[in-house]
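First listed ligand is number 1; within each ligand, the first listed atom is number 1.
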Amino acid sequence: MSKLRFEVVSAAFGKKAVEVPNSSKRPSELFGINVFNREKMFKYLPGDVYLKLIDVIDNDAPLDTSIADSVAKGMKRWAIENGATHYTHWFHPLTETTAEKHDAFVEHDGKGGLIEKFSGNLLAQQEPDASSFPNGGIRSTFEARGYSAWDPTSPAFLMGNTLCIPTVFIAYTGEALDYKAPLLKALRAVDKAATDVCRYFDKNVKKVNTYLGWEQEYFLVDEGMLLARPDLLLTGRTLMGHDSAKNQQLEDHYFGSIPQRVAAFMKDLEIEAIKLGIPAKTCHNEAAPNQFELAPIYEECNLAVDHNMLIMALMKEVARRHGFRVLLHEKPFKGVNGSGKHNNWSLGTDTGTLLMAPGKTDKDNLRFITFVVNTLAAIYRHNGLLKASIMSAANSHRLGAAEAPPAIISSFLGSHLSSVLDHLETTDDVVRILSKRELRLNIPQIPELMIDNTDRNRTSPFAFTGNRFEFRAVGSEANCASAMIALNTAMAEQLVIFKKEVDALIESGETKEDALVNVIRKYIKYSKPIRFDGNGYSEEWRKEAEKRGLDCEASAPIVFDRYLDKESVQMFGNMDVMTEKELKARNEIKWEMYTKKVQIEARVLGDLALNHIVPTATKYQSSLLDNIIKMEQVLGCEEGRMVSAQNIATVKEIAMRVSEIRRLVDDMVERRKVANRILEEREKAVAYHDKVAPMLEEIRTHIDKLEIMVDNELWTLPKYRELLFIV
Ligand code: ADP
Ligand code: MG
C-alpha cells in the first residue's frame, strides 16, 4: 500500500470513539433548550405580546409589526443569557444549503461605547447583500436588493453563539428567491382547500395542517480517507473506484450492530438535535456499508423542513468532532445503494383527525377515501412535475437505477386499499343512508389500523403506508421543500376541483353522500394509470408506464421542463404559490446548477486521471518492462519472452487503457468547450447531460480496471474496500 494510503487507513483504524458530553441528561430534559419556543416566549415576552404571537403561529393571524420590538427584546434577552453574541437571519436560498449572515448584537451607544442592541426592525427584516445567491435573472447584480423577512411560525434557535431567525428570502420586486416563501404559500393553499372538503364530514374543522416526517439517509467516511480522495472532497461522490469484493451482498450491515465510533457520533448528533427541538427518534444502519439513517417524529411541514435543513448542517458539524465526514450525496459510491430522504406526508385537522387514516365509522372511511383518491388524482395529473421536484444532477444517479425509486412516478396502495377502490369504481349502489346520522357504505371493511397492515413495496416512489403517503424518491441532499411545494400545491388544486364538482352535484339535487361517491368514482377511474403495485424497477413496467402515458423521461435538464408546462404554470398561479416569472427564473437556476455540477465533476476527473492515475499506471508499467528485460537477459530472448507473456500482456493493456484515458479526457475537454459556448442555460445543461456526463462513465471504466491491475503498493487513492468498511 502506498505510504499515504497506509497512513490514512491505519489512522482511521486506530481511532477511538469520542466521549459524548451531556450524555447523562435525559432527552426530555434537553428537548428544545436551544430554541425560543412557547415556554421561553411565555417567560420572556409580555402577556399580550405572547398571545398575539401565538395567534400568528397557530391561526395564521396577520403579524402585527408593533409587537416586533417587544419580541426582539425578549428574544435578545434569552439569547444573551444563553451565551449568544451574534444574530442572523437564516434562510434557504435556491442552493442545497442554508444561508446566514452573522451580525453582532452591538451598536454604538452614542457615548463612544457599545451596547447590545437588537430591535424589532432587525428581527422583522434584513437586506443581506444577496447579489451572489442564485436568482435566475430576476435580480441583476446592479440592483442587488433582496430582503429576508421573519417567519414567526418557525421558532428562532441558538447555534453556537448565534441566534438564528428563520426567514423567507424575497427579491425587492416581490419574487421569492428561496424555498420557504412558496412552501408557506403552498401550505396555506392546501390548508384552505382541505378544510373546505373536510367540512363535508365535520363542520368543526377550521384548519388542516400538513405533516412531514423525513427519514434522512447518509454515509460516514473517515475524515483522513476523505481528504485523500479529491473527488469525494470536491464533488461529494467518488468519480472512480473498483467494486469492493464484498459490499452489500450479505446485507450484514443493515442488521449489524453499530460500530462504537459511529454510535458515539449518533448519540452526540441526537443530543444536539434534541436541544434544537428536533424530535430525533430513530437512528439505524442502512443497506449499504457505512450508510445510516436518522428519522425524527413527524412535525408540521414548514417546521419539519427547517429541521431537516438544520439536521444536515448539524450532522456535518458533529461528524467533524468525531473525525468523520458526512456524505449527503445521493450516490457517493457506484455499485452500492444511494441515499434518499423518504418524505412521509399527511394532512391532519385541528380537531385531531389524520385525513389519510381510516376510521371507525363509514363516514370516517368515506373521508379517508376522499383524501386518498384526491391524492392519487393530484399526483397523476402532475406526475411529471413531481418528478421534476425531486430531480437534480446528483439524484439522477439514483433514479432509474435498480436500487432506488424508478424515474417514473407511480403509487403503491397495497392489495387491501386497491381492492376497496376497485370495488367503489365498479359497484353502483354504494351508499345507503340509514338515518340522518348513520350512513352505510357498501364497501369492504377497512381496518381502522392499516399502518401495520399495509404491505410494503420498496420499489414504489410514492407508497401508501397506513396513515400517510411516503414520497420515497426525494434525494438525500435535497431541500424537502421542493417536493413539498409541488405535492401540496397539486393537492390543493385537486381538492378545489373536487369540491366544485361535488357542490355542483349537490346543487342538482343529489345527496351529499351520493355526490361525494360519484365524484370519487370519477377520480378513481381518472387516476388509475398512476396506481402500480408491481416491481417498479422492471423493464416491463417502463413499457407499461409509457403506454399509460406516465412521464418516463430520465434526463434531468428535460425533466425540469415540466415546471413550465401549461398545467403547472396554471396550477401554481391559480393556487397563488408561484408566478410564471418565478417558475422561469427558478428553472434557469436548476439548469445552471446542473451544468455546474457536471462541469466540476468533469474537471476533477480530468485532473485526477492525468495527474494521479496515468502516472501511477505508467510507473507500474515501467517496473513490468524492467522485469521483462531482465528476464530476457537472464533466460535468453525466446525463453524469457515466453515466461514474461503475462507481464507483456499487462504492459499492453496498461498502454491501451492509458492512451484511451488520455484520448477520452481530451475529448471531454473539447465537448465542454463546445457546451460552454451555448448561451441558453437549458441547452447548455442538455449538452452537459448528453455529451459530457457520459464521458465520466467511460473514463472511469478504464481507471477502475487499472485499479485492480496496478500494484496495490503504488495506488495512492483509498479504495472502496477502505472507504466503505473502515470507520
Ligand atoms: P420506515 O423506514 O419503515 O418507513 P420509519 O419509522 O423509519 O419507517 O419512518 C417513518 C417516518 O414516518 C417517521 O419520521 C415518522 O414520524 C413518520 N410518520 C409517521 N406517521 C406519519 C404521518 N401521519 N404523517 C407524516 N409522517 C408520519
Ligand atoms: Mg420509510
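Residue contacts with ligand 1: Glu215 is included, with a non-hydrogen atom under 4.0 Å away.
Which parts of ligand 1 touch Asn467 is read off a 4.0 Å heavy-atom cut-off, strictly below it: atoms 20 (N), 23 (N). Below 4.0 Å from some heavy atom of Ser346 lie the following atoms of ligand 1, by number and element: 22 (C), 23 (N), 24 (N), 25 (C). Set against the non-hydrogen atoms of Ile297, the atoms of ligand 1 under 4.0 Å away are 16 (O).
On a distance-only criterion, Asn344 and ligand 1 share at least one N/O pair closer than 3.5 Å. Note: an N/O pair closer than 3.5 Å links Tyr298 and ligand 1 by distance alone. The distance criterion of under 3.5 Å between nitrogen or oxygen atoms is not met by Trp345 with respect to ligand 1. Polar contact with ligand 1: absent for Leu212 (N/O pair, distance under 3.5 Å).
In Glu470, the part holding a heavy atom less than 4.0 Å from any atom of ligand 1 is the side chain. The side chain of Glu293, and not its backbone, has at least one atom closer than 4.0 Å to an atom of ligand 1 (non-hydrogen atoms only; side chain from C-beta on). Using a 4.0 Å cut-off between heavy atoms, Thr465 makes no contact with ligand 1 at all.
A distance of 12.5 Å separates CG in Leu723 from CG in Leu220, rounded to the nearest 0.5 Å. One finds the CG atom of Leu516 at 10.5 Å from the NZ atom of Lys363 (value rounded to the nearest 0.5 Å).
Of the candidates Arg531, Lys528, Arg521, Glu425 forms a salt bridge (Lys or Arg N to Asp or Glu O under 4.0 Å) with just one, namely Lys528.
Under a cutoff of 6.0 Å and an axis angle of 45°, Arg261 and Phe324 form a cation-pi pair.
Taking each of Ala295, Cys301, Pro279, Pro296 in turn, the one with a heavy atom nearest to atom 14 (O) of ligand 1 proves to be Pro296.
Partners of Lys499 under the salt bridge (Lys or Arg N to Asp or Glu O under 4.0 Å) rule, at least two apart in sequence or in another chain, are Asp503. Under the side-chain hydrogen bond (donor to acceptor under 3.5 Å, both in side chains) criterion, Asn308 pairs with Gln216, Lys341, sequence neighbours left out.
A side-chain donor-acceptor contact under 3.5 Å links Asn395 to the backbone of Ile390.
Inspection of the Thr351 and Asn204 side chains reveals no N or O donor paired with an N or O acceptor under 3.5 Å.
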